[in-house]
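Quick notes on the structure that follows.
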Amino acid sequence: MAGVSLKHICKTYPNGFEAVKDFNLEIKDKEFLIFVGPSGCGKSTTLRMIAGLEEITSGELKIGDTVVNDVEPKDRDIAMVFQNYALYPHMTVYENMAFGLKLRKVPKDQIDKMVKEAAKILDLEQLLDRKPKALSGGQRQRVAMGRAIVCNPKVFLMDEPLSNLDAKLRGQMRIEISKLHQRLETTIIYVTHDQTEAMTLGTRIVVMNAGVIQQVDTPQKLYEEP
Ligand code: ADP
Ligand code: ADP
């Protein structure tokens, strides 16, 4: 478990576009932090820099006590869940969840234990032998979450994880994610366009606009009637 510290983080893309400008934020251990803001304001770029999928142009990024600017994604103790959960179609649910652990050369019996534990938490135990195409949207999204939690990361990054689901499923998954956060006692950084998600899940909400932080507040303060 760990907090995340962003100090003077900037991202300029190779074409010269400044997507993130002097971003400063201390994300506390076990916090559920929400990013909101218009499309193109730099939310995904910030998440991808934290994950190590996008190079940081300048500034200092810490996960826990470690400066991770030059640390490879797989060594950052972070798991990311995207909106287009991108499961491997030819692998079963079990294999999808085990894949990251295999890459890390975790022993087989340990992988088995970790996958089964995650499957229990996410109610996937009956589905372990299925291929993704034989799953509903909500089940697929749970597998994507499962793939993230088996690695027992310090920090979860979620980029609009529910935006491809219908309203009913979104409501159910929102509750699942909230339970997951409490149960795993982990730090979550979560991008959404959905005000209900932001209000019910977030401990704090960061409002971004044009590459900068416009406001940081609790959901109560941010959305209270004037
Ligand atoms: P979305 O708003 O759906 O999240 P993004 O804006 O993140 O989509 O873009 C999707 C992909 O396209 C990403 O890999 C991103 O790096 C790339 N991309 C987005 N805008 C540009 C751009 N102006 N030039 C080059 N690549 C871009
Ligand atoms: P958000 O997630 O808030 O929708 P992004 O972080 O995806 O925003 O993108 C921020 C800005 O950076 C957008 O204007 C986008 O077009 C631009 N962008 C994203 N990826 C690239 C890229 N690879 N090259 C150039 N510009 C990019």
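All ligand and atom numbering here is 1-based and tracks the order in the structure.
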Inset, instruction - Please assess Phe35 against Tyr190 for the test ring-ring contact (aromatic ring centres under 6.0 Å, His included), listing each intermediate value before the final yes or no. - result: CA-CA 6 Å; Phe35 280 177; Tyr190 189 101; over 10 Å; no
Inset, instruction - Could you tell me whether the side chain of Lys21 reaches within less than 4.5 Å of the side chain of Ile9, counting heavy atoms only? - result: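 When only atoms from C-beta onward are counted, Lys21 and Ile9 do not touch, as no gap falls below 4.5 Å.
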Which of the numbered atoms in ligand 2 are under 4.0 angstrom from any heavy atom belonging to [X]?
{"X": "Thr45", "result": "5 (P), 6 (O), 9 (O), 10 (C)"}
{"X": "Asn15", "result": "25 (C)"}
{"X": "Lys43", "result": "1 (P), 2 (O), 3 (O), 4 (O), 6 (O), 8 (O)"}

Legend entry - Identity of the nearest option to atom 13 (C) of ligand 2, non-hydrogen atoms only, from Cys41, Gly16, Gly40: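 Ranked by closest heavy atom to atom 13 (C) of ligand 2, first place is Gly40.
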Legend entry - Per atom 24 (N) of ligand 2, closest listed option by heavy atom (Tyr13, Phe35, Phe17):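 Of the listed residues, Tyr13 has the closest heavy atom.
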Inset, instruction - Quick one: name the residues clustered hydrophobically with Ile175, using the 4.5 Å side-chain heavy-atom rule over I, L, V, M, F, W, Y, and just say none if it's on its own. - result: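 None; Ile175 is a cluster of one.
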Inset, instruction - Return yes when Ser39 approaches ligand 2 closer than 4.0 angstrom through a heavy atom, no otherwise. - result: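 Right, Ser39 reaches ligand 2.
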Inset, instruction - State whether the shortest distance between N or O atoms of Gly42 and N or O atoms of ligand 2 falls below 3.5 angstrom. - result: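 Right, the criterion is met.
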Inset, instruction - Indicate yes or no: does an N/O atom of Pro14 lie under 3.5 Å from an N/O atom of ligand 2? - result: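 Between Pro14 and ligand 2, no N or O pair is found under 3.5 Å apart.
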Legend entry - Exceeds 12 heavy-atom contacts within 6.0 angstrom, atom CD of Gln126: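 Atom CD in Gln126 is not crowded, with 12 or fewer foreign heavy atoms closer than 6.0 Å.
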Legend entry - Near-ring test Phe99/Tyr88, centroid separation under 6.0 angstrom: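 Distance test on ring centres: under 6.0 Å, yes.
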Inset, instruction - Go through the structure and list residues passing side chain to side chain donor-acceptor pair (under 3.5 Å) with Glu26, not counting sequence neighbours. - result: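 Testing Glu26 for side chain to side chain donor-acceptor pair (under 3.5 Å), a comparison that skips the adjacent residues, returns Ser5.
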